[in-house]
Each structure stands twice: as C-alpha cells, then as structure tokens.
Amino acid sequence: MENVISNLKEINNMNQIDFIDDYYISSDGYSILGEIEIKHLLFIPYRDTDAGSNPREYYGLKKSNTEILKSMLSHPNTFRFLHSGVIVSMIGVKKPKGKKSITYTDACLTNGNQTRFL
C-alpha cells in the first residue's frame with residue numbers, strides 16, 4: 001500500500017503544470033494556452049474550489065462519451081484539434097521565467113471532466 005501511495009504522489013502534479021512546448025499567454029495575462037500531458041489533470045478537483053466549480057460528474061460510456069473515446073483512439077495525434085480541449089481555472093498563478101511550467105495555489109477543472117475519465 002505504501003508503494004501505491006508513493007506512486008500516486010509521484011503522478012500528482014503538486015500544483016504545477018508542465019507544458020510540452022512553450023505556452024501562449026494572452027495580452028491581459030488571464031488566458032494561457034498550451035499542450036500538457038493528461039497526468040497533469042488527474043488530481044485537479046472539479047467541484048467547489050476557490051478557483052471555480054463544475055458540477056458535471058462523469059456519467060459513464062453514454063453515446064457522447066463513446067464518440068469521444070472513438071475519436072481519441074482513431075485520431076490520437078489530432079484529437080486535441082478536433083475537440084475543444086480542457087479548461088482549467090486557476091488562482092495564484094506564477095509563471096517562472098524561461099520555464100515551460102506554471103504553478104498555482106488552487107485549480108478547478110471547469111471543462112473536460114468526461115475526457116479526463118475516458
């Protein structure tokens with residue numbers, strides 16, 4: 001059990017998101033766009049956080065989720081372009097200079113809970 005917990009802690013993003021390439025920041029500094037690995041989304045809460053809330057639960061492999069899964073498996077290299085992606089609301093964001101990462105004090109998965117569970 002201790003090994004399982006240490007593995008989960010290693011996967012946990014520890015309030016940091018590492019981008020695959022450089023990320024884009026809007027001129028007002030409120031929007032960040034970039035590509036990340038799905039592991040950075042696994043531990044982000046989605047309900048009732050200081051950063052926001054998304055009341056939608058994962059509702060199983062219904063028709064829409066089945067279509068998302070088919071698209072994910074059929075188009076692994078272009079899936080992110082075919083769908084709206086994932087939206088994470090964050091507060092307390094810090095952007096270290098020269099790094100491909102950001103840190104935050106709190107985050108909320110406001111769109112993409114179905115994709116994350118698939």
Side-chain angles (χ1 to χ4, degrees):
M1 182 63 164
E2 187 175 314
N3 194 23
V4 171
I5 291 172
S6 69
N7 285 339
L8 287 175
K9 283 182 181 177
E10 187 175 310
I11 293 170
N12 186 349
N13 64 18
M14 304 302 224
N15 290 16
Q16 178 173 311
I17 293 180
D18 299 318
F19 292 87
I20 293 171
D21 289 314
D22 290 334
Y23 50 84
Y24 164 80
I25 301 175
S26 64
S27 59
D28 64 7
Y30 286 105
S31 298
I32 300 171
L33 176 68
E35 187 175 357
I36 64 171
E37 294 177 85
I38 195 79
K39 70 180 182 179
H40 291 286
L41 303 175
L42 295 178
F43 293 96
I44 294 178
Y46 65 97
R47 296 183 82 171
D48 302 324
T49 74
D50 288 340
S53 183
N54 176 3
R56 281 185 55 184
E57 297 283 346
Y58 173 68
Y59 53 85
L61 277 179
K62 307 286 186 202
K63 183 176 179 359
S64 60
N65 284 341
T66 301
E67 292 304 315
I68 292 171
L69 184 57
K70 281 183 194 175
S71 178
M72 199 182 293
L73 296 173
S74 301
H75 311 292
N77 295 326
T78 57
F79 176 79
R80 63 191 176 275
F81 302 114
L82 301 172
H83 301 275
S84 64
V86 173
I87 298 172
V88 178
S89 301
M90 295 178 274
I91 56 175
V93 174
K94 292 185 177 136
K95 302 167 275 273
K97 289 194 184 289
K99 293 198 176 184
K100 295 180 182 177
S101 64
I102 58 173
T103 60
Y104 56 87
T105 56
D106 193 21
C108 175
L109 184 66
T110 56
N111 182 33
N113 204 28
Q114 305 303 312
T115 303
R116 170 175 65 171
F117 275 98
L118 289 174

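Between atom CD1 of residue Ile102 and atom NZ of residue Lys94 there is a gap of 12.5 Å, rounded to the nearest 0.5 Å. The CD1 atom of Ile87 sits 11.0 Å away from atom SG of Cys108, with the distance rounded to the nearest 0.5 Å. One distance of note links CZ of Arg47 with OG1 of Thr49; it measures 12.0 Å at 0.5 Å rounding.
The shortest heavy-atom contact between Lys100 and Tyr23 is C-CE2, 4.0 Å. Of all heavy-atom pairs between Val88 and Ala107, the closest is CG1-CB, 3.9 Å. Taking each heavy atom of His40 and Gln16 in turn, the nearest pair found is ND1-O, 3.5 Å.
Phe19 is listed as a side-chain neighbour of Ile32, based on a closest heavy-atom distance under 4.5 Å. Using a 4.5 Å heavy-atom threshold, the side chains of Ile36 and Val86 count as separate.
The hydrophobic cluster around Ile91 extends to none of the other residues, as no ILVMFWY side-chain heavy atom falls under 4.5 Å of it.
Without hydrogens or angle criteria, Asp18 side chain to Ser101 main chain gives no donor-acceptor distance under 3.5 Å.
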Inset, instruction - Start with the C-alpha gap between Met90 and Asp106, add the side-chain angles, then the distance that decides, and say whether side-chain contact (heavy atoms from CB on, under 4.5 Å) holds. - result: CA-CA 6 Å; Met90 295 178 274; Asp106 193 21; over 6 Å; no
